[in-house]
Amino acid sequence: MSLRLYNTMGRKMEEFKPITPGHVGFYGCGPTVYNYAHIGNLRAYVFLDILDKTLQLLGYDIKHVMNITDVGHLTGDGDDGEDKMKKTAEERHQSVLEVAKFYTDAFMADIDALNIRHPDVICKATEHIQEMIDLIKQIEANGHTYMAGGNLYYDISTYDDYGKLANLNLDELKAGAGKRKVVVVDENKRNPGDFVLWFTKSKFEDQAMTWDSPWGRGYPGWHIECSTMAMKYLGEHLDIHCGGIDHIAVHHENEIAQSEAFLGHQWVNYWMHAAFLQLKDGKMSKSKGDFLTLDTLVDKGYKPEYYKYFCLTSHYRTSANFSFDALDAAKNSYESLINKIIEQKNLARENDSVDTEQEKQFIDSFNSFMFNDLKTPQALAVMWDALKSNTLPAKSKLNFLEHVDKIFGLSLTDVINKSESGFVVSPEDEKIIEQRQQARINKDWKTSDELRNLLASHGVGIKDLPDNKYQLFDITKAI
RNA sequence: GGCCAGGUGGCAGAGUGGUUAUGCAGAGGACUGCAAAUCCUUGGAUGCCGGUUCGAUUCCGACCCUGGCCUCCA
């Protein structure tokens, strides 16, 4: 089955054709590790993971590369800005590297909590400075740069296709336009769209990390790291490059300009961009400081799976509106899903017949939505259809859900395969359960209810089923 | 100012030139000692105005509104 993807370059749906049959190399822009990733950031990584797993399902051998940006960026506007990494380091009385490590670890923990597969290569900007310098030298040798004010700039007028990804009209580009209160135009630039490849004259005092280079001691510009590392790990031609929509106009245009100026040929075949998570008042912003992290949600009693389910209910190319009402709806949906799975497990235990033909139909239907630009909302609808089907046997439903979970990563497979004894109760509680069952047989409801409360106080939840059967669950994990 | 993306029921969110997916929430009912879960039934929407059409939520145009990018950000 073929995969259709929406290519930001050209703004249209295209059939995906890998450069090398059977293989896919793709690069996703990773986090800047000066603070926690917020749930808006995380939505983009959920999308990347869905892409990753869909490609896997199609049988591709995947090389997924992600950068970790651990060199400084501005916190504020123009000259009053500070190095974000340095600022955080000072606040925490730590070194910049310690800060980077701390937030990189936090990011990886978030990724794990959301059942996101680790990229095959996770590369840090600070470990690739020499490669960046080498690349910049080549770009310079090819005649695309100029020195001004101590910094080496990329001259976009030397690259004919600048703006092709974002439909930029260079004559209309305004330096410092937008909602900024303080506008500081870099007087060194020949063109407002030019950007720095290498800084030696830092805008801020005491840049935390600097390196020697042919242009003087300094640090790399903000765009060169992705070009450098993508080429190092994926070669001169990559299949897919992903990121958030905010990257389209500046970061990715600049990456293309640098990379193709160096390569002399097209660099990336498919550009894919994830839309933002919206709050009532606009996007969630890392640099504004107040944002929701996955940990915040967990502290409020929400499982990471609830947030992941929420992400799947909207298409990656449309902005999603986050609210706690919406998250509660995702939570209820997810818990309902889990209950139905447990229900089906009980049914399958008594009748494990399957209907492979129908199973296949549901799987094909699910896949057809996923293979059509990752249409997770419709794929989710297929999942519910299968679950509520009157004709699909319980065992087949479970088989189908295991398939779904390969892509969605909602811990469904864990629920399906977890044996009932996976939740171990103490011998003392086992006796209480036994006593309660006896009380129920005797229709001694008062004792039964008291014992149920007692079990609850021990963290043991119990649900009564027909025929004097029951089901235990961990009450501390139920919300 | 330029560019981009949207406006669908209480919430979230799809598809579609002709009975508006799906989930949550709501209402009614079944089952149940209770609880939980499950099942059945059900009401409710396409920003505004024109145009094309036998027919538009879908196509076209104007308008209104929202969000994003043009500073690092997913």
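A, B, ... follow the sequence lines: proteins, then strands. Residue 1 opens every chain. Treat the numbers as computed from the prediction; the structure is a model and nothing was measured.
Counting any heavy atom pair closer than 4.0 Å across all strands shown, Leu337(A) reaches no nucleic acid atom. At the heavy-atom level, Gly30(A) lies under 4.0 Å from the strands shown only through sugar-phosphate atoms. Nucleic acid contact class of Ala320(A) (heavy atoms, under 4.0 Å, all strands): sugar-phosphate only. Backbone-only contact: Thr318(A) has heavy atoms under 4.0 Å from sugar-phosphate atoms and none from a base. Residue contacts for Tyr45(A): at a heavy-atom cut-off of 4.0 Å it reaches the sugar-phosphate backbone alone, with no base atom in range. Residue contacts for Gly243(A): at a heavy-atom cut-off of 4.0 Å it reaches the sugar-phosphate backbone alone, with no base atom in range. Heavy atoms of Trp445(A) sit under 4.0 angstrom from at least one base atom.
Counting atom types as modelled, Asn332(A) pairs no side-chain N or O with a base atom of G23(B) as donor and acceptor under 3.5 Å. With hydrogens and angles ignored, no donor-acceptor pair under 3.5 angstrom links the side chain of Lys331(A) to the base of C24(B). In this model, a side-chain donor or acceptor of Arg452(A) finds a partner on the base of C34(B) within 3.5 Å. For Asp328(A) and C24(B), a side-chain-to-base donor-acceptor distance below 3.5 Å is absent, hydrogens and geometry of angles not being considered.
Taking atom CD of Gln378(A) as the reference point, atom C1' of A14(B) lies 5 Å away to the nearest angstrom. If you measure from atom CD of Gln278(A) to atom P of G13(B), you get 10 Å, rounded to the nearest angstrom. Taking atom CZ of Phe322(A) as the reference point, atom C1' of G13(B) lies 16 Å away to the nearest angstrom. Taking atom NE2 of His273(A) as the reference point, atom C1' of C69(B) lies 12 Å away to the nearest angstrom. One can place CG of Leu312(A) at 22 Å from P of A21(B), the figure rounded to the nearest angstrom. Going from atom CG of Leu279(A) over to atom C1' of G68(B) covers 13 Å, rounded to whole Å. One can place CD1 of Ile116(A) at 14 Å from P of A74(B), the figure rounded to the nearest angstrom. One atom, CG of Asn191(A), and another, P of C70(B), lie 16 Å apart when rounded to the nearest Å.
Lys164(A) and Asp161(A) are joined by a salt bridge, as a carboxylate oxygen and a charged side-chain nitrogen come within less than 4.0 angstrom of each other. Looking at Glu450(A) and Lys446(A), a side-chain N of the basic residue comes within less than 4.0 Å of a carboxylate O on the acidic one, giving a salt bridge. Ionic pairing of Asp328(A) and Lys331(A) is not present here: no N-O contact between side-chain nitrogen and carboxylate oxygen is shorter than 4.0 angstrom. Using a 4.0 Å cut-off between a side-chain N of Lys or Arg and a carboxylate O of Asp or Glu, Lys303(A) and Glu335(A) qualify as a salt bridge.
Taking only side-chain nitrogens and oxygens, Ser319(A) never comes nearer than 4.0 Å to OP1 or OP2 of G13(B). Distances shorter than 4.0 Å separate some side-chain N or O of Lys340(A) from OP1 or OP2 on U38(B). An OP1 or OP2 oxygen of C24(B) is reached within less than 4.0 angstrom by a side-chain nitrogen or oxygen of Ser336(A). Dashed line: the shortest gap from a side-chain N or O of Lys283(A) to OP1 or OP2 of C69(B) is under 4.0 Å. Phosphate contact (OP1/OP2 of G13(B), side-chain N/O of Asn321(A), threshold under 4.0 Å): present. Not one side-chain nitrogen or oxygen of His315(A) sits closer than 4.0 Å to the OP1 or OP2 atom of A14(B). The side chain of Asn167(A) places an N or O atom within less than 4.0 Å of a non-bridging phosphate oxygen (OP1 or OP2) of C4(B). The shortest distance between the side-chain N/O atoms of Lys388(A) and the OP1/OP2 oxygens of G23(B) is below 4.0 Å.
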* Asked: Does the pair Phe310(A) and Ile39(A) meet the rule for a side chain to side chain contact (heavy atoms under 4.5 Å, CB included), with working shown?
  -> CA-CA 11 Å; Phe310(A) 167 82; Ile39(A) 59 173; over 6 Å; no
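Picking from C73(B), A74(B), G68(B) the nucleotide with the shortest atom distance to the side chain of His38(A) gives A74(B). Listed nucleotides G68(B), A74(B), A12(B) differ in distance to Leu277(A); the shortest reach to its side chain belongs to A74(B). The side chain of Arg440(A) sits closest to G33(B) out of G33(B), G23(B), C73(B). Set against G23(B), U38(B), G13(B), the side chain of Pro377(A) has G13(B) as its closest nucleotide. For Asp464(A), taking side-chain heavy atoms from C-beta onward, the closest of the listed nucleotides C34(B), A37(B), A74(B) is C34(B). When distances are taken from the side chain of Tyr309(A) to each of C34(B), A74(B), G23(B), the shortest belongs to G23(B). For Ser314(A), counting side-chain heavy atoms from C-beta on, the closest listed nucleotide (C73(B), A14(B), C24(B)) is A14(B). The nucleotide whose nearest atom lies closest to any side-chain atom of Asn339(A) is, among C69(B), U38(B), C34(B), U38(B).
At a cut-off of 3.5 Å, with distance as the only test, no side-chain donor of His273(A) or Asp246(A) sits close to an acceptor on the other residue. Side-chain contact of Tyr316(A) with Asp373(A): a donor-acceptor pair under 3.5 Å is present, judged by distance alone.
Taking the ring centroids of Phe107(A) and Tyr45(A), they lie under the 6.0 Å cut-off. Aromatic ring centres of Phe195(A) and Tyr153(A): separated by at least 6.0 Å.
In Lys124(A), the NZ atom is not crowded: 12 or fewer heavy atoms of neighbouring residues, nucleotides or ligands sit closer than 6.0 Å.
Across the P atoms, G61(B) and A5(B) are found 14 Å apart, a figure rounded to whole Å. Distance noted for atom C1' between G67(B) and G47(B): 15 Å (whole Å). Atom C1' of G9(B) sits at a distance of 14 Å from the matching atom of U22(B), rounded to the whole Å. Taking atom P on both U42(B) and A74(B), the two are 47 Å apart, rounded to the nearest angstrom. Between U58(B) and U52(B), the two P atoms lie 15 Å apart (nearest whole Å). Going from the C1' atom of C63(B) to that of G23(B) covers 35 Å, rounded to whole Å. Between U41(B) and G55(B), the distance separating the two P atoms is 36 Å to the nearest Å. Comparing A37(B) with A27(B), their P atoms sit 15 Å apart, to the nearest whole Å.
Relative orientation of the Tyr219(A) and Phe199(A) rings is parallel, given thresholds of 30° and 60° on the angle between their planes. Ring orientation note: the planes of His403(A) and Phe400(A) are close to parallel, at an angle under 30° on the 30°/60° scale.
The 5' end of RNA chain B is approached more closely, in terms of each residue's nearest nucleotide, by Lys463(A) than by the other of Phe276(A) and Lys463(A). Summary of the strand contacts: Asn254(A) and Arg317(A) both lie near RNA chain B, and taking for each the nucleotide with the nearest heavy atom, the more 5' one is attributed to Arg317(A).
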* To do: Give the dot-bracket string for RNA chain B, reading 5' to 3', where a pair is Watson-Crick or G-U wobble with both distances under 3.5 Å, ( ) marks pairs inside the strand, [ ] marks pairs crossing earlier ones, | marks a partner on another strand, and . marks unpaired.
  => (((((((..(((.....[...))).(((((.......)))))....(.(((..]....))).))))))))....
